[in-house]
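Report on the following structure.
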Amino acid sequence: MKLYLLIPFLPLTAFVINILLGKEVLRDKAHWPSILAVVGSFFITITSVLPQAMAGKVINEDLYTWMVSGTFNVTVGFLIDPLTAVMLVVVTTCASLIHIYAVGYMHGDKGYYRFFAYMSLFTFCMLMLVMGNNFMQLYFGWEGVGLCSYFLIGYYFNKKSAADAGKKAFIVNRFGDFGFGIGVFMIFLTFGTLHYAPVFANAAGITGQTVNFLGWNVDLPTLIALLLFCGAVGKSAQVPLHVWLPDAMEGPTPVSALIHAATMVTAGVFMVARCNPIFNLSEIAMNTVAIVGATTSLFTATIAITQNDIKRIIAYSTCSHLGLMFLACGVGAYAAGIFHLYTHAFFKALLFLAAGSVIHAVHTNDIQEMGGLKKYMPITYAVFVIAALSAGGVPGFSGFFSKDEIIWSAYASHSSVGKLVWLMGTAVAFFTPFYTFRLIFLTFHGKYRGGHPEEHGHSAHGSSHGSHQGEHHIHESPKVMTIPLILLAVGAVAAGWVGIPPILGGGAHFAEFLKPVVGHPEFHGTHAEEWGVMGLSTIIALSGIGLAAFFYLRKTDLPEKIAKQFSGIYNILYHKYYIDELYHYTIVKPTLWVADKVIVAITDARIIEGIVNGVPGAIGKFSGNLRKVQTGLAQHYGILMAAGAFFIIALVLLLR
């Protein structure tokens, strides 16, 4: 039996069961089909797929023919290779733990069955995305996870901000996916197929070819690569389409952990790595990927240092780390990018779930209304620190090995932009631990600054008595939430040990595992340089932690003074460089004006309504006038008949 087929279809089965039986039959047990399905997919991945991939076996099989039209032939097929195996480990591991965590977090929610149904559908779509052997199946999974993201971000649809966030995510992604769709069309027009194997095997043959695109002769590989990258910019929240991800935090925290940290947002990185034979043909495309990634990484990291919403800080961190992954892919170090994707899934899912544990206890997202939680939530505090050390790139933790590999790859690459993006990545190495530990110190250290938890944080400025009463109601999350946190913490510490570089005594096994799919970049650099790059980034990371401790543990009044002293810079960062406002005035308002003044007032009110209401109105008016002819008087009918007869006779005589 082909067990790998069960990996995506078990979650699909769970979705069908929950959507049909969850509300009336399963009710508060609706989590069982979803958990059993995703855990089943996890065990099949670990026991069957991963060992085969490690043994060098590649599966590329079609299940059935999906669409046929002339030369257009697409199947539902599966490609299981090292890259797929890594993604399956990430998706099924994180999804299993997050599903279990959600049992405690979503307990008592009115839409309990609906939540788990959507989570199962999302898991199915994500698995189809990473397992497909053709671009059409990739596109199906791509749009499927986008749809599920819309459902889950707007899960609390009665809350306007959540409904708006869901729409924002969906609409912003339309911009990127439009380009991605055209890229898929271009692949079919160029290669005559959408299956990976023949496309990648013949990719080198289009080197130097040009095509007329919108009146311009452009390099064909560059055009295809950049169109595909448009989709990655949207799905993976890169500048300038990053604005949807922070707002997506309106969804339940397990959604933030699963979709916006561990799986969906990494789809763009996976796609670029999968399509490396195409991207490698264009230096322009590669440099674009690297620069966009580095810019996003630094740009969003600077925003995170001023935010106060605990989940939004982590969301901007996600954008920043995704930027590092694209930076790696852009300099040709695809394995380093996927390695960071793999480690990032564990420590970022842990950060989100730990944040959810805090929110579950204090009922507010504002870190300024927290403080002193360490003594009440020791497990949450411990795993939060572990996740922060890993995210910050502290030696020994998973994030250190993958982040350092990216920074070294940028420095030592042959890329023309390598040194530039290395400098930007090194700067990010400072900001990441700074804003992460700022979050920890304000949340877990000092005195509790909030009100009674049941007041949902609205008494932050209330009396000290209210704060004291609120503290007594704060407690650690239940085991169904803390056990997944502990298991993810193990991953945040040890997941990166499979990629320890040779300079530290490792065998770089992760890069060797992925080499058959993504190749291995050529670096030029000495061991001394590698030690220097590693040491510099480590010192900078530790400096970020130290500065955060100085500001938020020792001189706690200093951050506010600095913010006032440099209010201009602070306001720019706090308002996220006013990008949302820029889009509002340049895109949203003009669109709404056109919709109101043109589409509604002219197209709808006059043209459409004119036809819909005008035609029946004209018929009614005509029939009303015609009805007046029916007088009921015989002499009138006789006169009309005589006039008709006279008219016919005259017409016959004239036509003779």
Side-chain angles (χ1 to χ4, degrees), residues 2 4-5 7-9 12 58-81 83-84 87 121 124-148 173-235 267-268 270-282 285 517:
K2 299 174 181 178
Y4 69 86
L5 294 177
I7 294 176
F9 293 119
L12 179 62
V58 175
I59 299 172
N60 187 2
E61 295 181 350
D62 294 326
L63 186 59
Y64 64 90
T65 300
W66 184 7
M67 288 178 278
V68 177
S69 179
T71 59
F72 183 75
N73 189 321
V74 176
T75 64
V76 173
F78 297 92
L79 172 63
I80 311 294
D81 62 6
L83 179 58
T84 307
M87 295 301 297
L121 181 61
F124 161 72
C125 292
M126 189 66 199
L127 291 170
M128 291 294 283
L129 186 157
V130 301
M131 294 178 70
N133 69 353
N134 62 80
F135 283 96
M136 185 58 71
Q137 192 167 324
L138 170 70
Y139 195 79
F140 165 79
W142 192 275
E143 295 302 329
V145 294
L147 177 65
C148 294
N173 271 276
R174 295 311 95 218
F175 289 88
D177 290 356
F178 178 73
F180 183 59
I182 297 176
V184 173
F185 294 151
M186 289 298 299
I187 288 173
F188 177 74
L189 292 174
T190 302
F191 298 99
T193 181
L194 290 179
H195 285 75
Y196 292 150
V199 169
F200 297 152
N202 297 308
I206 66 171
T207 303
Q209 292 187 26
T210 60
V211 64
N212 187 283
F213 186 75
L214 301 178
W216 296 80
N217 286 325
V218 296
D219 181 64
L220 183 56
T222 300
L223 176 63
I224 293 175
L226 291 180
L227 286 170
L228 293 176
F229 185 57
C230 285
V233 169
K235 193 68 70 185
F270 163 78
M271 184 271 292
V272 171
R274 173 64 78 195
C275 298
N276 70 88
I278 296 175
F279 280 85
N280 288 338
L281 300 177
S282 170
V517 182

A side-chain contact here means heavy atoms from C-beta on lying under 4.5 Å apart; do [X] and [Y] qualify?
{"X": "Asn60", "Y": "His195", "answer": "no"}
{"X": "Leu138", "Y": "Phe135", "answer": "yes"}
{"X": "Tyr196", "Y": "Cys275", "answer": "no"}
{"X": "Ile206", "Y": "Phe191", "answer": "yes"}
{"X": "Met186", "Y": "Leu220", "answer": "yes"}
{"X": "Asn202", "Y": "Thr190", "answer": "no"}
{"X": "Val199", "Y": "Leu194", "answer": "no"}

Just how far is it from atom [atom1] of [X] to atom [atom2] of [Y], taken to the nearest 0.5 Å?
{"X": "Phe185", "Y": "Ile182", "atom1": "CZ", "atom2": "CD1", "result": "8.0 Å"}
{"X": "Met271", "Y": "Trp142", "atom1": "CE", "atom2": "CH2", "result": "4.0 Å"}
{"X": "Leu12", "Y": "Ile7", "atom1": "CG", "atom2": "CD1", "result": "14.5 Å"}
{"X": "Asp81", "Y": "Met131", "atom1": "CG", "atom2": "CE", "result": "11.0 Å"}
{"X": "Ile187", "Y": "Leu228", "atom1": "CD1", "atom2": "CG", "result": "4.5 Å"}
{"X": "Phe78", "Y": "Asn134", "atom1": "CZ", "atom2": "CG", "result": "10.0 Å"}

Show the numbers, then the answer: is there a side-chain contact (heavy atoms from CB on, under 4.5 Å) between Thr71 and Phe188? CA-CA 10 Å; Thr71 59; Phe188 177 74; 3.9 Å; yes
Set out, in order, the CA-CA distance, both residues' side-chain angles and the distance that settles side-chain contact (heavy atoms from CB on, under 4.5 Å) for Met87 and Leu129, then state yes or no. CA-CA 10 Å; Met87 295 301 297; Leu129 186 157; over 6 Å; no
Say whether, by atom type as modelled, one donor and one acceptor occur between the side chain of Asn276 and the main chain of Val517 under 3.5 angstrom.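 Yes, Asn276 side chain to Val517 backbone: donor-acceptor pair under 3.5 Å.
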For the pair Thr84 (side chain) and Leu79 (backbone), establish whether a donor and an acceptor sit closer than 3.5 Å, ignoring hydrogens and angles. yes
Output, in order, the C-alpha distance, side-chain angles, deciding distance and verdict of side-chain contact (heavy atoms from CB on, under 4.5 Å) for Thr75 and Leu63. CA-CA 7 Å; Thr75 64; Leu63 186 59; over 6 Å; no
Flag if over 12 foreign heavy atoms under 6.0 Å of CZ, Phe72: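 Count over threshold, so yes.
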If you draw a 6.0 Å radius around CZ in Phe9, do more than 12 non-hydrogen atoms from other residues or ligands fall strictly inside? yes
Would you call Glu143-Lys235 a salt bridge at under 4.0 Å N-O?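 Looking at Glu143 and Lys235, the cut-off is not met.
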Using the ring of each side chain (for Trp, its six-membered ring), is Phe180 parallel, tilted or perpendicular to Tyr139, with breaks at 30° and 60°? parallel
Listed by chain and number, what are the side chain to side chain donor-acceptor pair (under 3.5 Å) partners of Asp219, not counting sequence neighbours? Thr222
Measure across Leu281 and Pro221 and return the closest heavy-atom pair with its distance rounded to 0.1 Å.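 That closest heavy-atom pairing would be CB-CB, 3.8 Å.
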